[in-house]
Amino acid sequence: MRERLLSALFGGSCFVCRGAARGLLCAECDAELPRLERPLCPRCALESPNGAVCGRCLREAPAYDATRAALAYEFPADALVQALKFRGELAVAPLLASLLGNLPRVDCVIPVPLSRQRLRQRGYNQAAEIARALPGVKVDAFACERTRESPPQMDLPYDERQKNVRGAFRCTRSLAGLHVAVVDDVMTTGATLDELARTLKKAGALSVTNWVAARTL
Ligand SMILES: [Zn+2]
Ligand SMILES: [Zn+2]
């Protein structure tokens with residue numbers, strides 16, 4: 001059913017190479033997705049020998065406890081994420097969600113919120129689209145809100161990014177005693193997710209795990 005729907009939406013051509021495809025991607029492009037299968041730091045999902053907690057996380061522990069990332073933010077994963085984020089290709093969300101694989105049970109799943117203004121401009125929140133496509137997950141899109149949109153993080157050095165997002169989120173209810181998962185499309189330095197995790201823990205969250213579709217390395 002899903003494949004038929006996707007091939008109807010995409011005219012049976014691969015989203016990346018436009019070759020014949022039964023789903024969103026042809027078999028070759030699917031095989032070439034930059035899946036993150038090397039040993040990664042369990043906390044920040046950057047490469048780390050033997051999958052141990054990396055030096056950066058040891059020196060300065062982030063507010064989140066763990067990160068699961070499906071893909072490296074490289075071609076064609078970047079093209080997929082940008083299509084979802086900037087071109088309204090919502091059918092990409094279920095593909096990204098499925099790449100996250102089997103996820104552990106949590107009490108609450110929160111997509112990284114957009115500011116009201118950004119949400120109005122875009123018409124949807126790409127992180128919420130991915131979260132909603134995760135099987136068996138109840139998404140709580142209103143537990144947390146973004147009070148202001150910061151300038152694009154990509155343009156700033158690391159220290160500036162942290163200042164840039166300070167105080168950008170606010171919880172609308174208590175999360176006392178809950179294990180929370182945060183869903184996002186891309187994790188870059190982790191400054192935004194760090195600030196969000198800090199906010200969620202102030203609201204009582206016991207643990208915060210990031211589930212991200214793509215990770216810049
Ligand atoms: Zn293809
Ligand atoms: Zn780390």
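Residues: numbered from 1 along the sequence shown. None of these values were measured; they are calculated from a predicted model.
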Enquirer: Give me each pair satisfying salt bridge (Lys or Arg N to Asp or Glu O under 4.0 Å) with a member in residues 182-193, each pair once, sequence neighbours excluded.
Expert: K85-D185
Enquirer: Any salt bridge (Lys or Arg N to Asp or Glu O under 4.0 Å) pairs touching residues 205-217, not counting sequence neighbours?
Expert: none
Enquirer: Of the non-hydrogen atoms in S48 and C41, which two are nearest, and what is the gap between them?
Expert: CB-N, 3.6 Å
Enquirer: If I take atom SG from residue C17 and atom CG from residue L25, how far apart are they, to the nearest 0.5 angstrom?
Expert: 8.5 Å
Enquirer: Side-chain heavy atoms under 4.5 angstrom apart, residues restricted to Ile, Leu, Val, Met, Phe, Trp, Tyr: same cluster for I130 and Y124?
Expert: yes
Enquirer: Could you pull out all residues at least two apart from D140 that satisfy side chain to side chain donor-acceptor pair (under 3.5 Å)?
Expert: R173
Enquirer: For the residue pair E195 and N164, establish whether any side-chain heavy-atom pair is separated by less than 4.5 Å.
Expert: no
Enquirer: Report whether L90 and L134 are members of the same hydrophobic cluster (ILVMFWY, side-chain heavy atoms less than 4.5 Å apart, transitive linking).
Expert: yes
Enquirer: Any side-chain heavy atom of L96 sitting closer than 4.5 Å to one from L84?
Expert: yes
Enquirer: Would you mind listing the cluster partners of F86? Hydrophobic ones only (ILVMFWY), side-chain contacts under 4.5 Å, chaining allowed.
Expert: none
Enquirer: According to salt bridge (charged side-chain N to carboxylate O under 4.0 Å, His left out), who are the partners of R56, at least two apart in sequence or on a separate chain?
Expert: none
Enquirer: If you link I, L, V, M, F, W and Y whenever their side-chain heavy atoms are under 4.5 Å apart, who else ends up in the same group as L200?
Expert: Y64, I110, V112, F169, L175, L178, V180, V182, M187, L193, L196, V208, V212
Enquirer: Identify whether L33 and L36 are in the same connected component of the hydrophobic contact network (ILVMFWY, side-chain heavy atoms under 4.5 Å).
Expert: no
Enquirer: About how many Å separate CZ of R146 and OG of S115, when rounded to the nearest 0.5 Å?
Expert: 7.0 Å
Enquirer: Do R68 side-chain atoms and L100 backbone N/O form a donor-acceptor pair below 3.5 Å?
Expert: yes
Enquirer: Can you give each donor-acceptor pair under 3.5 Å made by side-chain atoms of residues 76-83, sequence neighbours left out, with the distance rounded to 0.1 Å?
Expert:
unit_1: D78; atom_1: OD1; unit_2: F75; atom_2: N; d: 3.3
unit_1: Q82; atom_1: NE2; unit_2: Y73; atom_2: OH; d: 3.0

Enquirer: Count the heavy atoms of every other residue, nucleotide or ligand shown that sit under 6.0 Å from CD of E60, and state whether that count exceeds 12.
Expert: no
Enquirer: Under 3.5 Å, side chain of K201 to main-chain N/O of S207, donor-acceptor pair present?
Expert: no
Enquirer: How close do A20 and C26 get, counting heavy atoms only, and between which atoms?
Expert: O-CB, 3.5 Å
Enquirer: Enumerate the salt bridge (Lys or Arg N to Asp or Glu O under 4.0 Å) contacts for residues 44-55, please, sequence neighbours excluded, ordered by first and then second residue.
Expert: R38-E47
Enquirer: Using 0.5 Å steps for rounding, measure from the CZ atom of R22 to the OG atom of S13.
Expert: 15.0 Å
Enquirer: Keeping to residues at least two apart or across chains, list the salt bridge (Lys or Arg N to Asp or Glu O under 4.0 Å) pairs with something in residues 99-123.
Expert: R116-E145, R118-E149
Enquirer: In chain order, what residues pass the side chain to side chain contact (heavy atoms under 4.5 Å, CB included) check against L206, with sequence neighbours excluded?
Expert: H179
Enquirer: Is there side-chain contact between V109 and W211, with at least one heavy-atom pair below 4.5 Å?
Expert: yes
Enquirer: Is any side-chain heavy atom of K202 less than 4.5 Å from a side-chain heavy atom of R170?
Expert: no
Enquirer: Do T147 side-chain atoms and A168 backbone N/O form a donor-acceptor pair below 3.5 Å?
Expert: yes
Enquirer: If you compare all heavy atoms of T199 against all heavy atoms of C171, which two are closest, and at what distance to 0.1 Å?
Expert: O-SG, 3.9 Å
Enquirer: May I ask you to list the residues sharing a hydrophobic cluster with L119, side-chain cutoff 4.5 Å, ordered by chain and number?
Expert: L114
Enquirer: Please name all residues satisfying side chain to side chain donor-acceptor pair (under 3.5 Å) with S174, sequence neighbours left out, ordered by chain then number.
Expert: none
Enquirer: Quick check on the hydrophobic clustering: are L99 and V186 connected, directly or via other members, by side-chain heavy-atom contacts under 4.5 Å?
Expert: yes
Enquirer: Heavy-atom distance under 4.5 Å between the side chains of T67 and P42, does that happen here?
Expert: no
Enquirer: Do you know the tightest heavy-atom contact between P111 and N125?
Expert: CB-ND2, 4.4 Å
Enquirer: Does atom CD (E74) have a neighbourhood of more than 12 heavy atoms from anything else shown, all under 6.0 Å?
Expert: yes
Enquirer: Check whether any side-chain heavy atom of C44 sits under 4.5 Å from a side-chain heavy atom of C54, and report yes or no.
Expert: yes
Enquirer: Using modelled atom types and a 3.5 Å cut-off, is there a donor and acceptor pairing between side-chain atoms of R43 and backbone atoms of A66?
Expert: no
Enquirer: Does any N or O in the side chain of T172 come within less than 3.5 Å of the main-chain N or O of A143, such that one atom is a donor and the other an acceptor?
Expert: yes
